[in-house]
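Note that the structure is a prediction, hence the values are computed from the model and not measured. Reminder, nothing fancy here: chain letters follow the sequence lines and each chain counts from 1.
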2 protein chains.
Amino acid sequence: MEDRKNATIVDVAKMAGVSVATVSRVVNGNYPVKVETRERVQTAIETLHYVPNVQARELNTRRSSTIGVVVPGLYNMFFAEVIDGIEETVRKDGLSLLLNCAKNDPQQEMNCINALVSRNVSGIIVISPNTADIKESFYADLVKRIPLVFINGYHRIPNVSYVGNDEKLGSRQALEYLEGLGHQRILFVRGANSDSYAIKEESYRQHMAENKRLEEQLIVNIGEGNGVETVDSTMARLLEIIPQAKPTAIFCCNDLMAVGALNACKRLGLKVPEDISVMGYDNISLSRLIEPKLTTMDQNMFQLGSNAAALLTEKIKGGKSKRITLDNVLITRDSTGPVR
Amino acid sequence: MEDRKNATIVDVAKMAGVSVATVSRVVNGNYPVKVETRERVQTAIETLHYVPNVQARELNTRRSSTIGVVVPGLYNMFFAEVIDGIEETVRKDGLSLLLNCAKNDPQQEMNCINALVSRNVSGIIVISPNTADIKESFYADLVKRIPLVFINGYHRIPNVSYVGNDEKLGSRQALEYLEGLGHQRILFVRGANSDSYAIKEESYRQHMAENKRLEEQLIVNIGEGNGVETVDSTMARLLEIIPQAKPTAIFCCNDLMAVGALNACKRLGLKVPEDISVMGYDNISLSRLIEPKLTTMDQNMFQLGSNAAALLTEKIKGGKSKRITLDNVLITRDSTGPVR
DNA sequence: CTGTTAGCGCATTCAC
DNA sequence: GTGAATGCGCTAACAG
């Protein structure tokens, strides 16, 4: 391993017989340089394999072309798809992406943020920030020094930009769709510890109450709702509940739970959608890989990511904070049908 | 948005009434400082919200605490899980992770690499490098300047470290397992354009030939094998092939294809595993979410990532290049059973 | 123990 | 058009 130092601008200058300033000019193309010298410099660059040192450049321009992204984890395809959206958009602006996993740990989340700040990123996107367990001043202070965008954040903090879905409206739409198919006994399946579930539950309660058919036994919380174990734990739980509650449809707060519900129905000998309808939320890729393909509400993960990236670059350029709310759209597939 | 400049080491020094060197010492804790002054400095740091500028530090220590990761895309959970492994390991060494997607485009892949080099990363991990379409000298030159690790790379380049699975052995194991269940007509399903598939096919051919039951019609290539559309395209294809070839088992080169095979069987009214066995490869999370749960070969994605990270830090510290080959392990679940 | 100083690699005035 | 000089924020000798 030849530890031959990488060539610097000085080396190039020497080889080309010019000053470093000139080299800088041809590299950045921001000032006129005589064609002949430019060519001399360029061949020097090539033979030396010279690559400008971005750190040094950014140190003295006090700008930075990398942004930070903090995500709860990659195990969940939801986040992976969001990141995909961020990456693609951000690349078009010539920015690079520093990725950190917070592992659902608030302390870790703060560590990640600090690491990003010290790396001098020009902005940060946080997916599902744990605003409940981090004292508000942390993010409030942070946003004074650096542009901040939250994806799926529910506590409003001044000056941070938000991208999210209108899940209240989305749940209502889902419920109305099921009712349109004639369903009245709709089981509501949620997980623990996320504002997202709370919002959906509220929407469900409100809607069912309006129609005078709210029953507490139709609401079930299956605990941790975001891991791979979610599928199995949902199934186990519903194996008991379905026979008791006898719903004609099941509305799940995310697709993992819906797949669990599907598996439970299968074991109970219930045909989907003939005997019972199952509906998910998110539209992760999994939902169209299984049989029957899942009817679900699309959370536009990719869009979430690309919008967040756009908002961030806007703030970096000095724009003000903004809030973008996307509409969930109903994806009708094969797991739902008319009540029989 | 208060564009109050972030505090620098000079500001802290002034406020604490000491020299910048002293501040540097308490920040890095590498030289003794009198308790009293240390405390003065620390309070200054806190009131100023001082965060050291890593770029500046690394510029003059000529070290870098970020590494680069190039991945074909995030849409495939395989890669997401590998990255998860990298991230976790790398964090323990205090390194940050710069993520780039090559989108299966060789040109893009080279761009990503160059961007990483100019950002002065201390090493690069490439997942499934496109060594076929990138001229060999590119990586050969690169590794002269910067430590390099390939995950699932098949062309050997001197001085780069490799992490991969023994897929040749793994396929053989899978085949033997199926044969142990009494299967003789085993359909082989592969995708296009990946050395990984070629290795498995070779293993299949060899094995079947040994037992004198190699039949060309039992080998099928379903084209693109890594996207979400893979499931459906595999299903469509097998819907035609299964009735003709009448296999008692199907061996698929990855889990997406296996799920497609499962769906095809369902449509054909074949019960799995009673009527026909289906086997996948990879053990992505999807494989244990569907019904029946898939029997598959575990590619240890997380381990792939963490081992690659370990190899990289080793090289960064001056170690030599290495090759790690993990063994695929058979995960027996519900999609396979004895031939009837 | 602590302060002074010299760069790290580069972009940018300001002269020429 | 081009070169010399300055400084970005920080660490690492080197003196005290």
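- In terms of the salt bridge (Lys or Arg N to Asp or Glu O under 4.0 Å) criterion, B:R25 has no residue partners (sequence neighbours excluded).
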Side chains of residues 122-129 of chain A: which donor-acceptor partners sit under 3.5 Å, not counting sequence neighbours?
residue, atom, partner, partner atom, Å
A:S122, OG, A:S64, O, 3.3
A:S122, OG, A:T66, O, 3.4

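- Within the structure, side chain to side chain donor-acceptor pair (under 3.5 Å) pairs that include any residue of residues 92-121 of chain B comprise A:S65-B:R119, A:D84-B:K103, A:E88-B:K103, A:S96-B:R119, A:R119-B:S96, B:Y75-B:N104, B:Q107-B:N111, B:E109-B:Y139 (at least two apart or interchain).
- Under the salt bridge (Lys or Arg N to Asp or Glu O under 4.0 Å) criterion, A:E81 pairs with no residue, sequence neighbours left out.
- In this structure, A:S19 does not reach the D:dT2 phosphate: none of its side-chain N or O atoms is under 4.0 Å from OP1 or OP2.
- The phosphate of C:dG9 has neither OP1 nor OP2 within less than 4.0 Å of any side-chain N or O from A:T8.
- Applying the side chain to side chain contact (heavy atoms under 4.5 Å, CB included) test to B:S19 and every residue at least two apart in sequence or in another chain returns B:A21, B:T22.
- Residues meeting the side chain to side chain contact (heavy atoms under 4.5 Å, CB included) test with A:D133, sequence neighbours left out: A:P106, A:N130.
- Residues passing the side chain to side chain donor-acceptor pair (under 3.5 Å) test with B:Q55, sequence neighbours excluded: none.
- Residues satisfying the salt bridge (Lys or Arg N to Asp or Glu O under 4.0 Å) test with B:D141, not counting sequence neighbours, are B:K144.
- A heavy atom closer than 4.0 Å to some atom of DNA chain D occurs in A:L59, these being the qualifying members of residues 49-59 of chain A.
- Within the helix from C:dC1-D:dG16 to C:dC16-D:dG1, the inter-axis angle between the opening and closing five-pair segments is 40°, rounded to 10°.
- Residues from residues 25-38 of chain B lying near DNA chain D, meaning a heavy-atom separation below 4.0 Å, are B:R25, B:N28, B:N30 in numerical order.
- Under the side chain to side chain donor-acceptor pair (under 3.5 Å) criterion, no residue pair touches residues 33-49 of chain B, with sequence neighbours excluded.
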